[in-house]
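Notes for the one structure printed next.
Letters go in sequence order (proteins before strands), and every chain restarts at 1. Computed from heavy atoms alone, side chains included, the values below leave out hydrogens, waters and symmetry copies.
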Protein chains: 2
Amino acid sequence: MGTGFVSTAAPVSRLMEELQQLPGVGPKTAARLAYFLLRAPEAQARALAEAIVDIKEKIVLCSQCQNITESDPCPVCQNPARDHSRVCVVAEPLDILALERTGRYKGLYHVLHGLISPLEGIGPDQLKIKDLMARLNVGGVQELVLATNPNLEGDATAMYLHRMVTPLGLRVTRLARGLPVGGDLEYADEVTLGRALDGRQEM
Amino acid sequence: MGTGFVSTAAPVSRLMEELQQLPGVGPKTAARLAYFLLRAPEAQARALAEAIVDIKEKIVLCSQCQNITESDPCPVCQNPARDHSRVCVVAEPLDILALERTGRYKGLYHVLHGLISPLEGIGPDQLKIKDLMARLNVGGVQELVLATNPNLEGDATAMYLHRMVTPLGLRVTRLARGLPVGGDLEYADEVTLGRALDGRQEM
């Protein structure tokens with residue numbers, strides 16, 4: 001310790017550094033979180049630390065759908081009440097939760113764990129596409145629902161998958177584009193509005 | 001597993017719940033962080049978990065200034081090059097880092113660990129005020145710099161401390177109020193501008 005500036009104690013700086021690795025956490029948020037944890041009851045801090053270690057130890061990827069799961073195959077793939085002739089392709093496990101919340105889909109899933117993005121150097125080989133093709137080649141799947149994000153990467157991935165599965169002769173659909181429910185026409189961007197016009201549905 | 005909705009794996013939900021205890025982390029941020037940690041290298045997740053446990057195990061409060069520290073007394077209180085006749089009172093350890101960054105203060109500190117806030121039920125007894133008084137009663141301190149926040153709680157705490165230490169006959173100062181450097185007069189709120197006028201300085 002010289003006569004210069006004082007910094008915070010080493011374990012606190014280290015925690016701040018680790019927290020800054022998280023998405024959306026800059027130096028100020030990291031400091032706020034670190035000092036919060038310093039003041040939090042020891043049991044709460046330990047519970048968080050254990051939960052972090054636990055997901056690394058207890059979570060695996062389902063060998064069929066590649067979703068995160070505690071048991072392989074995952075509960076969805078194991079569930080005989082679900083429609084095993086439909087597979088919905090998503091980019092991330094979180095997308096499955098969003099689709100399940102709608103209560104409108106009873107088929108199976110396949111998680112790509114990313115989207116094709118030449119800018120970020122992510123090609124088809126880095127995604128779980130080979131696993132999807134192997135699954136489809138086994139047979140039994142009649143419809144592939146492409147539920148990738150409605151953006152550049154999502155569309156590129158959907159196009160790629162469409163081309164890949166065309167020889168298999170199964171039905172390939174993708175989520176409808178249009179106005180978000182509850183949205184305001186006045187504030188819709190022109191691309192969305194254009195898609196809504198193109199895809200207008202009979203009443 | 002029934003035929004109903006699918007939720008995420010239990011360890012992931014638990015981690016999301018723990019993350020939601022953090023300030024400023026809602027359900028969506030918690031989900032994003034949890035899935036980030038799932039994908040992160042195991043070493044990174046473990047380093048974060050260990051850093052959290054470490055701050056609980058290795059950090060104590062300095063018995064003199066009540067700042068967080070690995071060694072008691074803390075490096076500031078131990079440092080003979082600092083001016084031991086001045087004590088700057090702050091609400092939180094983070095405030096010390098902000099003051100140190102200015103490079104303009106070479107005295108000691110005292111951390112209250114909060115501010116008087118009747119609305120939140122925080123009175124003087126919940127703060128490290130008794131420790132401050134004990135420290136001042138030992139003698140040797142000539143100036144007390146009140147650096148509590150320029151808001152209701154900070155001002156109330158400063159007033160309270162001022163009254164408490166008046167009998168000791170030491171110099172009591174507080175941080176100047178005025179226009180923030182780099183700010184724009186046009187956008188200054190009237191209270192700040194009023195304080196800047198009241199406290200106008202000779203050029």
With respect to chain A, which residue among [options] yields the maximal number of heavy-atom pairs within a distance under 4.5 Å?
| options | answer |
| --- | --- |
| Tyr35(B), Phe36(B), Tyr105(B) | Tyr35(B) |
| Leu38(B), Thr29(B), Val12(B) | Leu38(B) |
| Ala34(B), Ala40(B), Gly24(B) | Ala40(B) |

Practice task
Measure distances from Ala10(A) to the heavy atoms of chain B and classify the residue's part below 4.5 Å as side chain, backbone, both or neither.
Solution key: both
Problem - chain B contact via Leu19(A) - side chain, backbone, both or neither, heavy atoms under 4.5 Å - result: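 For Leu19(A), heavy atoms of backbone and side chain both lie under 4.5 Å from chain B.
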Practice task
Find the one option among Leu15(A), Val25(A), Thr69(A), Leu33(A) whose heavy-atom pairs under 4.5 Å with chain B are most numerous.
Solution key: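 The option with the most such pairs is Leu15(A).
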Handout entry: Residue among Lys58(A), Arg14(A), Gln21(A) with most heavy-atom pairs under 4.5 Å to chain B
Key =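 Among the listed options, the one with the most contacts to chain B is Gln21(A).
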Practice task
Give a yes or no on whether His162(A) atom NE2 has more than 12 heavy-atom contacts from other residues, nucleotides or ligands under 6.0 Å away.
Solution key: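 It does not: His162(A) NE2 has 12 such atoms or fewer within range.
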Practice task
For Met133(A), look at atom CE and say whether over 12 heavy atoms of other residues, nucleotides or ligands are found less than 6.0 Å away.
Solution key: yes
Exercise for the section: Write out, in numerical order, the residues from residues 42-57 of chain B with a heavy atom short of 4.5 Å from a heavy atom in chain A. Expected result: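 Within residues 42-57 of chain B, near chain A: Glu42(B), Gln44(B), Ala45(B), Arg46(B), Ala47(B), Leu48(B), Ala49(B), Ala51(B), Ile52(B), Val53(B), Asp54(B), Ile55(B), Lys56(B), Glu57(B).
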Handout entry: Electrostatic pair Arg39(B):Glu92(A) at N-O distance under 4.0 angstrom
Key =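 Counted as a salt bridge, because a side-chain N and a carboxylate O are separated by less than 4.0 Å.
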